[in-house]
Amino acid sequence: MLITKFLHNCLNEALQKLIDEQNITNFNPPEYVVEKPKNKNHGDYATNLPMQLAKTFNENPINIANKIKDNIDENDIEEVSVANPGFINFKLSKSWLEKEILKCIGQKDDFGNQNEKNKKVQVEFVSVNPTGKLHLGHIRGAVIGSTISNVLESQNVSVTREYYVNDAGNQIDFFCESIIERIKELQGKKFIITEEMYGGIDIIDISKKIISKYPDYQNYNFSEITEDEIENLKKISIEICINEIMTDLKSLNISHDNWFYESSLIDSKYLDETIDILSKLNLVYIKDGATWIKTEELGDDRDNVLFKSTNKKPTYFATDIAYHRDKFKERFFDNVINVWGSDHHGHIKRMKLILEKLEINPDNLDVILNQIVSLKSNNKTVKFSKRSGNSIFLSEIVEEIGADACRFSFLSRSSESQMEIDLDLFKSKSSENPVFYIQYAHARLCSILKKANEKHFDFESKKILSLKTNEEINLAKKIAEYPELLHRVSKNYGVHELTFFALELSQLIQKFYENNRVFDNDSNNKEITKSRLIITKASKITLANLLSLMGMSSPEEM
RNA sequence: GCCCCUGUAGCUCAGAGGAUAGAGCACCGGUUUCCUAAACCGGGUGUCCCGUGUUCGAAUCACGGCAGGGGCGCCA
């Protein structure tokens with residue numbers, strides 16, 4: 001059981017006893033927290049419960065705290081103390097801690113995992129238009145989405161990682177036009193890149209790949225191209241582009257379970273069916289040749305267009321409505337998590353309003369907005385633009401600083417804080433990235449375990465564990481906290497907490513390593529060696545599990 | 001004009017009702033016959049953007065400002 005849950009239970013029981021004793025009726029238990037206090041002198045965990053009760057009990061919180069304290073009787077808690085202005089502090093017993101460490105050894109790769117009820121959750125992330133290669137601005141959502149997926153999976157959630165491919169809008173038309181012009185360029189012919197086209201060098205790259213895979217385009221005469229052939233080239237361009245995106249994502253240790261094509265919603269008539277439902281709800285009307293939806297009536301700022309007047313094609317919003325209906329009504333996801341760039345925030349409200357009309361609980365859709373990543377150079381902010389070609393590609397970053405350092409950097413900021421990256425600083429600092437410190441800690445543990453193996457030290461069968469030094473105890477406490485961390489992150493999606501935990505855990509490991517020799521020349525100390533090998537093993541398990549959830553490697557040597 | 005996010009140490013950022021506000025980096029000094037020195041130990045005088053309020057208690061909540069970013073398309 002999670003520590004905080006255990007302590008909550010203890011407190012609730014003690015509180016119930018108190019209420020029974022005092023014959024209090026109509027009692028509403030207050031919201032209170034059990035958390036690790038900032039100051040270690042206040043114990044391992046603390047609660048503010050007495051202060052929250054002060055008003056309803058009309059009594060001094062210290063008195064309440066003492067009464068609750070008297071009602072707590074638990075073997076696993078070594079010490080319960082009351083502190084001003086009304087905290088109850090807990091110190092957990094060493095035997096409890098030792099039990100947790102042995103549990104970790106037993107569970108190995110599963111340590112930290114939970115067996116909650118098996119929910120079905122979809123995480124949709126990246127979903128960048130297939131109109132070029134991924135760049136710096138796309139890394140954040142990719143890293144956050146994949147990490148959330150990993151954490152949820154550890155909590156026994158059945159996760160589908162999905163990429164929504166916007167292959168139906170007019171951006172694709174511009175993309176295809178850009179490809180045609182670049183192929184013409186490669187043919188040595190006249191070409192024009194207009195402002196609305198994609199001018200980045202990645203398009204040249206993709207064009208080259210198209211020619212090498214489909215050599216017919218080598219000498220193709222585009223002045224006579226038919227509609228059908230344009231459609232064909234569009235398909236090919238998207239295919240090649242998606243391949244590039246997949247390769248880039250793979251370099252960051254990311255893969256999706258499902259690639260969902262926007263066009264499939266149109267081809268299957270699922271979009272029309274969905275709009276029909278909204279029509280029957282009297283939410284759809286035609287004005288100025290376009291089809292509109294009455295979102296203002298539902299509470300949005302204004303109405304929105306579903307089908308454009310110019311070509312009767314659906315807008316992004318229209319297909320996205322059908323897409324989300326599909327997620328809930330056809331594929332029965334209990335929860336859907338969308339990792340979106342903050343520029344989509346206006347989209348959330350109207351999507352939720354429509355979901356409600358489609359009899360889907362909007363609370364089952366969580367949107368994680370990550371704030372924009374901007375680039376700073378010479379104290380000036382540079383804006384990314386795919387179209388102007390003003391971007392740094394994901395592949396360049398990964399090549400330069402490595403996937404692990406890249407993931408760590410983007411993971412270590414909370415998603416709602418803006419990131420302004422000075423690229424030169426970002427690259428030059430990469431060797432000082434905390435990820436190497438963390439991995440070094442892991443390598444050092446492996447080195448000890450390797451030595452134990454060489455010496456045929458059997459420390460796992462008899463499991464002797466006796467925590468003595470401060471370093472051992474502090475490290476063990478951190479390890480015991482790990483399942484709590486995963487549970488919390490799976491609820492609040494604050495994946496940046498993982499990086500901070502990894503760093504703190506590594507610091508404790510390094511301190512343990514420096515000050516608590518595992519192998520000693522004195523053969524009388526075999527018991528200590530065995531005990532420390534257990535802690536070493538547990539630390540390695542925890543750190544490796546955590547690194548794996550963050551999508552990073554755990555090197556055994558550095 | 002309306003909506004969203006952000007403002008905390010020199011820099012990059014955690015902390016989001018609770019006790020003395022933290023970490024990484026940078027900077028200064030020390031540590032190696034011994035499991036990896038990519039390490040360890042020591043060194044922090046902060047207007048928590050400003051103001052007013054709510055509360056036993058505010059960096060955290062409310063209201064009003066200031067500053068930066070994003071959104072308010074028949075783009076996606």
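Just so it is clear: chains get the letters A, B, ... in the order the sequence lines come, proteins before strands, and each one is counted from 1. Everything numeric in this text was worked out from a predicted model, so none of it was measured.
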Only pairs under 3.5 Å count here: list side-chain donor-acceptor contacts from residues 340-348 of chain A, not counting sequence neighbours, and write none if there are none.
unit_1, atom_1, unit_2, atom_2, d
A:H347, NE2, A:D320, OD2, 2.9

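Base engagement by A:N89 is indicated by at least one non-hydrogen atom pair under 4.0 Å involving a base atom. Contact annotation for A:Q439: no contact, since no heavy-atom pair falls under 4.0 Å across all strands.
The P atoms of B:A59 and B:C49 are separated by 10 Å, rounded to the nearest whole Å. Going from the P atom of B:A16 to that of B:C72 covers 32 Å, rounded to whole Å. Spacing of C1' atoms, B:C28 relative to B:G71, comes out at 47 Å, to the nearest Å.
A search for side chain to side chain donor-acceptor pair (under 3.5 Å) contacts involving A:S409 returns A:N433, not counting sequence neighbours. Partners of A:F500 according to the ring pair (Phe, Tyr, Trp, His ring centres under 6.0 Å) rule, which considers only residues two or more places apart in sequence or in another chain, do not exist here. For A:E79, there are no salt bridge (charged side-chain N to carboxylate O under 4.0 Å, His left out) partners, not counting sequence neighbours. Shown here are the ring pair (Phe, Tyr, Trp, His ring centres under 6.0 Å) partners of A:F260, two or more places apart in sequence or in another chain: A:Y323. Scanning for ring pair (Phe, Tyr, Trp, His ring centres under 6.0 Å) contacts around A:H8 gives A:Y32, with sequence neighbours left out.
Applying the salt bridge (Lys or Arg N to Asp or Glu O under 4.0 Å) test to every pair with at least one member in residues 32-49 of chain A, sequence neighbours left out, gives these pairs: A:K36-A:E481, A:D44-A:K477. Sequence neighbours left out, the pairs with a member in residues 505-515 of chain A that pass salt bridge (Lys or Arg N to Asp or Glu O under 4.0 Å) are A:R444-A:E514. Screening residues 305-314 of chain A for side-chain hydrogen bond (donor to acceptor under 3.5 Å, both in side chains) gives no qualifying pairs among residues at least two apart or on separate chains.
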In the 5'-to-3' direction, what one-character label does each nucleotide of nucleotides 10-16 of chain B receive under the scheme B = base within less than 4.0 Å of a protein heavy atom, S = sugar-phosphate only, - = no such atom?
--SSSS-
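Contacts with RNA chain B (heavy atom under 4.0 Å) in residues 49-59 of chain A: A:M51, A:Q52, A:K55, listed by number. For the contact set between residues 338-349 of chain A and RNA chain B, defined by any heavy atom under 4.0 Å, the members are A:S342, A:D343, A:H344, A:H345.
Checked against B:C74, B:A76, B:C40, the side chain of A:W292 finds its nearest nucleotide in B:C74.
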